[in-house]
Structure formats: structure tokens, C-alpha cells
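Note that this is a predicted model, so its numbers are computed, not measured.
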Amino acid sequence: MENKQSYFGEIAHAAKTLATGLKVTFKEYLTPKSTEQYPENRKTTLHVAQRHRGRLVFKRNEDGSYKCTACTLCEKTCPNGTIKIVSKMVEDAETGKKKRVLVDYQYDLGDCMFCQLCTNACNFDAIEFTNDFENAVFNREKLVLHLDKETYEGGSLPNLIDGGAPLEIGKFNTKKK
């Protein structure tokens with residue numbers, strides 16, 4: 001089906017489209033800008049949403065042991081293979097039955113898409129995402145974490161897990177341009 005508009009109709013349509021784009025551009029140009037001063041406001045006014053997905057951690061029991069049973073459901077549901085679980089079968093001394101024991105839980109933070117499929121697949125509520133977002137390193141090998149060997153004590157910011165500083169709409173440590 002061909003376009004039946006005339007030459008001048010096409011020019012009018014192009015001018016209307018251009019005017020719409022310029023209107024949006026000028027509106028943004030005249031809006032006052034503000035820049036959040038990140039390194040300075042880290043401990044005072046920086047607010048991080050509690051549901052922000054920053055890094056994966058093990059949930060622990062009261063005695064400090066982890067809840068992971070090495071069922072490998074999280075490893076199977078991970079779309080790009082950032083989780084690698086090594087386990088072995090051990091005979092339980094009390095019951096005499098064989099049971100799977102976690103040897104290593106490797107999580108590559110650098111390859112993670114933060115899709116949360118692994119936490120949704122976990123039937124034992126053993127892993128969760130925290131809102132710790134400061135994960136920058138100079139060496140990619142440092143982004144490979146062994147969650148069973150480390151105990152997460154919270155981020156580098158005070159009250160980070162609770163969201164950091166209280167959220168105050170419109171009040172930021174900012175500089176106006």
C-alpha cells in the first residue's frame with residue numbers, strides 16, 4: 001500500500017515531528033539540573049532502596065551455619081552460569097543414609113545479570129540479594145566469590161541493608177548547575 005500524501009503534506013508532517021522533538025529538548029534544557037555528590041554523601045544522605053539487587057549472599061542459621069543443601073537448583077536456573085556448585089555425597093553418621101554436602105559455592109558477581117531467578121528457585125531460602133552496590137575492583141578475579149567460605153556482615157555504609165540514610169524526597173547533598 002503506497003503513501004498517498006502529497007509532497008507538501010510530507011514536508012508538513014516532517015516539520016511537525018521536528019517541532020515535537022525540539023519541544024522535548026528545550027523543556028529538558030531549561031529544567032534545573034542537580035548532581036548528587038556521591039563520595040561525599042555516602043554516609044549522610046545516600047539512600048539505596050532495600051529491594052535493590054547488589055550482590056548475592058548466603059542466609060545463615062542462628063549458629064552461623066548456612067542453609068544451602070547443595071541441591072543445585074540455583075545453578076540450573078541461572079541463565080548465564082554465574083553459579084557453580086561443587087558437592088559430594090557423604091554417609092550420615094546418625095542415620096547411615098547418604099547425603100549431599102556442599103564443598104564449594106562459587107558465585108561470579110562480574111557475570112551476574114541480577115535477575116533473581118536463583119533466589120526464586122531456592123526451595124530452602126538459602127540465598128538472597130543484598131543492596132550492597134559498592135563492588136568495584138581492579139581485578140576481575142576478585143569478583144568471583146565463594147559464598148560458603150565468607151560471612152557477609154553488611155556493606156561498607158551504615159544501615160545499608162535497611163536502605164542507608166532515610167529517604168527524604170527533594171533533599172539531597174547536591175550541587176546545582
Side-chain angles (χ1 to χ4, degrees), residues 1-59 73-84 105-123 125-147 150 152-177:
M1 187 166 168
E2 291 183 32
N3 191 359
K4 299 287 184 180
Q5 275 190 334
S6 69
Y7 175 73
F8 293 108
E10 289 288 331
I11 291 175
H13 179 67
K16 180 182 169 190
T17 306
L18 179 64
T20 304
L22 286 174
K23 178 180 147 189
V24 171
T25 302
F26 281 125
K27 181 180 170 189
E28 276 303 310
Y29 181 73
L30 297 174
T31 304
K33 308 294 184 275
S34 66
T35 303
E36 185 129 2
Q37 301 301 309
Y38 167 66
E40 293 86 21
N41 72 346
R42 288 175 56 218
K43 295 186 170 93
T44 56
T45 61
L46 181 66
H47 178 78
V48 179
Q50 285 181 318
R51 64 183 180 188
H52 172 73
R53 300 176 195 153
R55 66 170 281 188
L56 194 66
V57 295
F58 262 0
K59 287 185 175 180
L73 281 175
C74 55
E75 180 181 18
K76 291 173 186 170
T77 59
C78 184
N80 55 350
T82 61
I83 298 173
K84 306 235 183 326
Y105 191 102
Q106 182 178 323
Y107 165 63
D108 191 352
L109 180 64
D111 287 341
C112 185
M113 296 187 328
F114 307 101
C115 63
Q116 205 170 7
L117 290 174
C118 55
T119 60
N120 294 339
C122 183
N123 291 332
D125 196 31
I127 54 177
E128 70 177 343
F129 275 99
T130 66
N131 58 356
D132 189 3
F133 64 94
E134 293 185 326
N135 298 311
V137 292
F138 289 107
N139 190 353
R140 283 187 60 87
E141 285 80 34
K142 290 183 181 179
L143 292 175
V144 177
L145 307 172
H146 299 275
L147 299 185
E150 68 175 31
Y152 182 75
E153 298 294 335
S156 59
L157 301 177
N159 303 324
L160 179 68
I161 295 175
D162 299 326
L167 179 61
E168 295 179 27
I169 306 287
K171 291 190 171 188
F172 296 108
N173 181 11
T174 59
K175 285 185 180 176
K176 300 281 185 182
K177 276 189 172 181

Q | Minimum-distance pair of heavy atoms, taken over all atoms of Glu75 and Ile83 | A | CG-O, 3.2 Å
Q: Over all heavy atoms of both residues, which pair between Phe58 and Leu147 is shortest? Give the atoms and the distance, please.
A: CD2-O, 3.5 Å
How many angstroms lie between [atom1] in [X] and [atom2] in [Y], if you round to the nearest 0.5 Å?
{"X": "His13", "Y": "Thr17", "atom1": "NE2", "atom2": "OG1", "answer": "4.0 Å"}
{"X": "His52", "Y": "Asp132", "atom1": "NE2", "atom2": "CG", "answer": "8.5 Å"}
{"X": "Arg51", "Y": "Phe129", "atom1": "CZ", "atom2": "CZ", "answer": "15.0 Å"}

[X]: what forms a side-chain contact (heavy atoms from CB on, under 4.5 Å) with it, not counting sequence neighbours?
{"X": "Leu18", "answer": "Leu22"}
{"X": "Asn123", "answer": "Leu73"}
{"X": "Lys142", "answer": "Val137, Asn139"}

Q) For Asp125, what residues pass the side chain to side chain donor-acceptor pair (under 3.5 Å) criterion, not counting sequence neighbours? A) Lys59
**Q.** Partners meeting side chain to side chain donor-acceptor pair (under 3.5 Å) with His146 (sequence neighbours left out)
**A.** Asp104
Got a list of side-chain donor-acceptor pairs under 3.5 Å for residues 106-118, not counting sequence neighbours?
| from | atom 1 | to | atom 2 | distance (Å) |
| --- | --- | --- | --- | --- |
| Asp108 | OD1 | Gly110 | N | 3.2 |
| Asp111 | OD1 | Arg140 | NH2 | 3.3 |
| Gln116 | OE1 | Arg53 | NE | 2.8 |
| Gln116 | OE1 | Arg53 | NH2 | 2.8 |

Q: Take Tyr105 and Leu56, measure what side chain to side chain contact (heavy atoms under 4.5 Å, CB included) needs, and give me the verdict at the end.
A: CA-CA 11 Å; Tyr105 191 102; Leu56 194 66; 4.1 Å; yes
